[in-house]
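Working notes, beginning with the structure itself.
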Amino acid sequence: RSSDVRIYYTLDGSTPTTSSTLYNGTAITHIVPCTIKAIAAADNYNGSAVAERSFANNLQQENGIYLIQNDYDYTLFVNQANTSTGSSQHYKLVANINAAGTSEVTTTFTGMFEGSADADGNFYTISALDHPMFSKIDPGVTDGSMPTDRGIVRNVVLKDVNIVGH
């Protein structure tokens with residue numbers, strides 16, 4: 001029975017056992033960075049494999065580009081892009097994101113936000129967005145004819161978007 005299953009977890013990156021903290025069904029509060037590891041256990045059953053999720057207080061970079069790899073990273077992106085230095089950086093979407101409940105970038109954005117595709121050529125999507133991603137994008141137009149390499153959003157696919165009143 002699923003009601004007999006217990007979940008045990010650790011927040012320090014160590015492997016959990018049935019002596020670790022028992023999950024009680026409420027939100028787990030933690031300080032980032034941290035790694036949560038968890039196992040499921042039930043009497044007369046083998047324990048599950050260890051599930052693991054790491055949380056950082058900054059975005060991972062690859063070749064100077066900030067990677068958005070999950071929903072939590074999208075929140076970090078918004079927070080970072082709403083700073084004067086973060087609004088001019090290069091960000092890359094490398095996973096499908098559910099943006100429900102996130103804020104928008106309200107600082108003038110002069111950086112680059114780009115989507116990418118999986119191995120089969122399917123572009124990653126941002127779903128459940130209920131506001132404009134960016135309030136202001138500065139395309140870097142200096143003479144009115146051609147944009148510079150600032151304020152670029154490309155290959156971003158939005159799915160199930162509902163923006164009302166903007």
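Considering all non-hydrogen atoms of both residues, Ala100 and Asn98 come closest at N-OD1, 2.9 Å. For Ser87 against Ala81, the heavy-atom pair with the smallest separation is CB-O, 3.3 Å. Between Asn70 and Asp73 the shortest heavy-atom distance is OD1-N, 2.8 Å. The shortest heavy-atom contact between Ala38 and Ile7 is CB-CG2, 4.1 Å.
Under the side-chain contact (heavy atoms from CB on, under 4.5 Å) criterion, Thr18 pairs with Tyr8, Ala41, not counting sequence neighbours. Here Tyr124 pairs with nothing under the ring-ring contact (aromatic ring centres under 6.0 Å, His included) rule; sequence neighbours left out. Under the rule for a side-chain contact (heavy atoms from CB on, under 4.5 Å), Asn63 has no partner lying at least two apart in sequence or in another chain. Residues meeting the salt bridge (charged side-chain N to carboxylate O under 4.0 Å, His left out) test with Asp43, sequence neighbours left out: Arg6. Residues that satisfy the side-chain hydrogen bond (donor to acceptor under 3.5 Å, both in side chains) test with Thr106, not counting sequence neighbours, are Asn82. Shown here are the salt bridge (charged side-chain N to carboxylate O under 4.0 Å, His left out) partners of Lys37, two or more places apart in sequence or in another chain: Glu52.
Between the CG atom in Asp71 and the OG1 atom in Thr102 there is a gap of 9.0 Å [rounded to 0.5 Å]. Note that CD1 of Ile68 and CD1 of Ile126 are 7.0 Å apart. Values are rounded to the nearest 0.5 Å. Of the inter-residue distances, the one linking Leu76 atom CG with Asn58 atom CG reads 7.5 Å to the nearest 0.5 angstrom. Distance NE2/His90 to CZ/Phe113: 10.0 Å, rounded to 0.5 Å. Considering CD1 of Ile39 and OG1 of Thr15, their distance stands at 9.0 Å, rounded to 0.5 Å.
Between the Asp120 side chain and the Asn122 main chain, no donor and acceptor come within less than 3.5 Å of each other. Between the Ser116 side chain and the Leu93 main chain, a donor and an acceptor come within less than 3.5 Å of each other. A donor-acceptor pair is defined here as one N or O able to donate and one able to accept, closer than 3.5 Å; no such pair exists between the side chain of Thr35 and the backbone of Gly13.
Hydrophobic clustering of Ile, Leu, Val, Met, Phe, Trp and Tyr side chains at less than 4.5 Å, counting indirect connections, keeps Met133 apart from Leu67. No single ILVMFWY cluster, assembled from side-chain heavy atoms under 4.5 Å apart, contains both Tyr74 and Val94.
Ring geometry for Phe109 versus Tyr91: interplanar angle of 30 to 60°, hence tilted.
At a cut-off of 3.5 Å, with distance as the only test, no side-chain donor of Gln89 or Gln80 sits close to an acceptor on the other residue.
The shortest distance between side-chain heavy atoms of Ser84 and Thr107 does not fall below 4.5 Å. Inter-residue side-chain proximity for Phe77 and Ile97 is flagged as unmet; no heavy-atom pair is nearer than 4.5 Å.
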I'd like to know whether Asn96 forms a side-chain hydrogen bond (donor to acceptor under 3.5 Å, both in side chains) with Thr125, so could you lay out the CA-CA distance, the side-chain angles of the two residues, the decisive distance to 0.1 Å, and finally the verdict.
CA-CA 5 Å; Asn96 292 318; Thr125 62; 3.3 Å; yes
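Within a 6.0 Å radius of CG in Asn46, other residues, nucleotides and ligands contribute 12 heavy atoms or fewer.
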